[in-house]
S.K.: 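Submitted below is the structure of interest, expressed as structure tokens.
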Amino acid sequence: MYIVKTTSKKKLEVKIVPLNDFDFEHLKEERYFFNWKVERNHEVYKLCIKGNNDILGVISLEKIPAEWRIHIRLLTVSIENKGKSKVYERIAGCLIAFVAKTAVLDYGEMACISLRPKSQIAQHYINKYKMIITGMTLSIEVPEILNLINQYYDDEKER
């Protein structure tokens, strides 16, 4: 899995791992848009470039086994990676693909992921990740979930 530096188009390998207590203390709202400390009781993961501990993206999950679904509670990229002048591309996509892969591992062909986006970004999720409107949330299921996984985990096939 990789992100791309926007200026050079260089691919950089990333890791997605659980947040630890130290990380929560360093996730400031000015850079990550939310008070992430309120997510401590949920599964929270960070995306970093391999060999570097700078957190570029964060995601909080809620598994809902009765619905074969993982709900994305919060998702953010660091402030310098938001908008047209971002430093790296693919951060949010990598995080969503990570959740998709987790959902498939947990729920197989019934896997679903969902999120409740802010209204101004909903269309972006629909266009870029092929999510569909499901009431107050957006969601994606198999087979689109598999396409998303293949798109973001394609670098592992090259090795």
S.K.: Can V58 and V44 be said to form a side-chain contact (heavy atoms from CB on, under 4.5 Å), step by step?
M.R.: CA-CA 7 Å; V58 187; V44 184; 3.7 Å; yes
S.K.: Which value, rounded to the nearest 0.5 Å, describes the distance between L61 atom CG and I70 atom CD1?
M.R.: 6.0 Å
S.K.: For I149 and V104, run side-chain contact (heavy atoms from CB on, under 4.5 Å): C-alpha distance rounded to whole Å, both residues' side-chain angles, the deciding distance at 0.1 Å, then the answer.
M.R.: CA-CA 10 Å; I149 292 167; V104 168; 3.8 Å; yes
S.K.: side-chain contact (heavy atoms from CB on, under 4.5 Å) between R73 and H42: does it pass, once the steps are laid out?
M.R.: CA-CA 9 Å; R73 294 176 47 80; H42 297 280; 3.3 Å; yes
S.K.: Kindly give the heavy-atom pair with the smallest separation between C94 and I16, and that separation in Å.
M.R.: O-CD1, 3.7 Å
S.K.: Angle between ring planes, Y125 versus Y129, binned at 30° and 60°: parallel, tilted or perpendicular?
M.R.: tilted
S.K.: Can you see whether Y107 has R69 sitting over its ring - NZ or CZ less than 6.0 Å from the centre and within 45° of the normal?
M.R.: no
S.K.: Restricting to non-hydrogen atoms, name the atom on F34 and the atom on T76 that form the minimum distance, rounded to 0.1 Å.
M.R.: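 Looks like CE1-CB, 3.9 Å.
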S.K.: Do I55 and V38 share a hydrophobic cluster (ILVMFWY, side-chain heavy atoms under 4.5 Å, transitive)?
M.R.: no
S.K.: Report yes or no: does N150 contribute a side-chain atom to a donor-acceptor pair with the main-chain N or O of L146 at less than 3.5 Å?
M.R.: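 Yes, the answer is positive, given that a donor and an acceptor are paired below the 3.5 Å cut-off.
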S.K.: Find out if a path of hydrophobic residues (ILVMFWY) with successive side-chain heavy-atom gaps under 4.5 Å connects L27 to I79.
M.R.: yes
S.K.: Do you know which two heavy atoms are closest between C112 and S139, and how far apart they sit?
M.R.: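 Here C112 and S139 meet closest at SG-CB, 3.9 Å.
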S.K.: If Ile, Leu, Val, Met, Phe, Trp and Tyr residues are connected whenever their side-chain heavy atoms lie under 4.5 Å apart, and connections chain through other members, are W68 and L148 in the same group?
M.R.: yes
S.K.: Can the positive tip of K101 be found less than 6.0 Å from the middle of the six-membered ring of Y152, inside 45° of the ring normal?
M.R.: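 Negative - K101 is either too far from the ring of Y152 or too far off its axis.
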S.K.: Return the minimal non-hydrogen interatomic distance between Y153 and F98, and the atom names on each side.
M.R.: OH-CA, 3.5 Å
S.K.: Rounded at 0.5 Å granularity, tell me how far CD1 in I140 sits from CD1 in I113.
M.R.: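 Atom-to-atom, I140:CD1 and I113:CD1 are 6.0 Å apart.
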S.K.: What's the spacing between K11 NZ and M1 CE if we round to 0.5 Å?
M.R.: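 Between atom NZ of K11 and atom CE of M1 there are 13.5 Å.
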S.K.: Within this structure, what is the CD1-CD1 distance for the pair I126 and I133, rounded to the nearest 0.5 Å?
M.R.: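 The CD1 atom of I126 sits 4.0 Å away from the CD1 atom of I133.
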S.K.: For the atom pair CD (E141) and OG1 (T134), what is the distance rounded to the nearest 0.5 Å?
M.R.: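 Interatomic distance, E141 CD to T134 OG1, rounded to 0.5 Å: 8.0 Å.
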S.K.: For K15 versus N52, what's the shortest heavy-atom pair and its separation?
M.R.: CE-O, 4.1 Å
S.K.: Identify whether I3 and L75 are in the same connected component of the hydrophobic contact network (ILVMFWY, side-chain heavy atoms under 4.5 Å).
M.R.: yes
S.K.: For N127 and Q123, does a side-chain donor sit closer than 3.5 Å to a side-chain acceptor?
M.R.: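 Yes - a donor-acceptor pair under 3.5 Å links their side chains.
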S.K.: side-chain contact (heavy atoms from CB on, under 4.5 Å), that's the test. Do I59 and I72 meet it? Break it down for me.
M.R.: CA-CA 7 Å; I59 193 164; I72 298 171; 3.8 Å; yes
S.K.: Set out, in order, the CA-CA distance, both residues' side-chain angles and the distance that settles salt bridge (Lys or Arg N to Asp or Glu O under 4.0 Å) for K46 and D54, then state yes or no.
M.R.: CA-CA 9 Å; K46 62 182 176 180; D54 186 33; over 6 Å; no
S.K.: Answer yes or no: is there a side-chain heavy-atom contact under 4.5 Å between K130 and N147?
M.R.: no
S.K.: Is a donor on one side and an acceptor on the other found under 3.5 Å between the side chain of S78 and the backbone of Y32?
M.R.: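 Not a single qualifying donor-acceptor pair exists.
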S.K.: For E109, I'd like to know if atom CD has over 12 heavy atoms of other residues, nucleotides or ligands within 6.0 Å.
M.R.: no
S.K.: Any ion pair linking K128 and E144 (charged N to carboxylate O, less than 4.0 Å)?
M.R.: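 Looking at K128 together with E144, the answer is no, because their closest N to O distance does not fall below 4.0 Å.
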S.K.: State, with a plain yes or no, whether a side-chain heavy atom of E80 is found less than 4.5 Å away from one of L56.
M.R.: yes
S.K.: Between S114 and H71, does any side-chain donor sit less than 3.5 Å from a side-chain acceptor?
M.R.: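 Looking only at side-chain atoms, H71 and S114 do form a donor-acceptor pair, the distance falling under 3.5 Å.
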S.K.: Should we count CD1 of I132 as having more than 12 external heavy atoms under 6.0 Å?
M.R.: yes
S.K.: Any idea which heavy atoms bring I91 and L47 closest together, and the distance?
M.R.: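 Here I91 and L47 meet closest at O-CD1, 4.0 Å.
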S.K.: Looking at L74, is its backbone amide N or carbonyl O close enough to the side chain of S60 to form a donor-acceptor pair, meaning the two atoms are under 3.5 Å apart?
M.R.: no
S.K.: Under 6.0 Å from the six-membered ring centre of F24 and within 45° of its axis: does the NZ or CZ of K37 meet both?
M.R.: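 Judged by the rule (NZ or CZ under 6.0 Å from the ring centre, within 45° of its axis), K37 is not positioned above F24.
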S.K.: For R31, I'd like to know if atom CZ has over 12 heavy atoms of other residues, nucleotides or ligands within 6.0 Å.
M.R.: yes
S.K.: With salt bridge (Lys or Arg N to Asp or Glu O under 4.0 Å) as the test, would you mind laying out the steps for E89 and K5 before giving the verdict?
M.R.: CA-CA 6 Å; E89 298 174 334; K5 187 159 181 138; over 6 Å; no
S.K.: For the side chain of K28 and the backbone of E25, is there at least one donor-acceptor N/O pair under 3.5 Å apart?
M.R.: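 Confirmed, K28 side chain pairs with E25 backbone.
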S.K.: Donor-acceptor pair, distance only, cut-off 3.5 Å: does the side chain of N81 make one with the backbone of Y88?
M.R.: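 Here the side-chain-to-backbone pair exists.
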S.K.: Salt-bridge test for E43 and K63: reply yes if a basic N is under 4.0 Å from a carboxylate O, no otherwise.
M.R.: yes
S.K.: Please say yes or no: joined through hydrophobic side-chain contacts below 4.5 Å, possibly via intermediate residues, are W36 and L95 part of one cluster?
M.R.: no
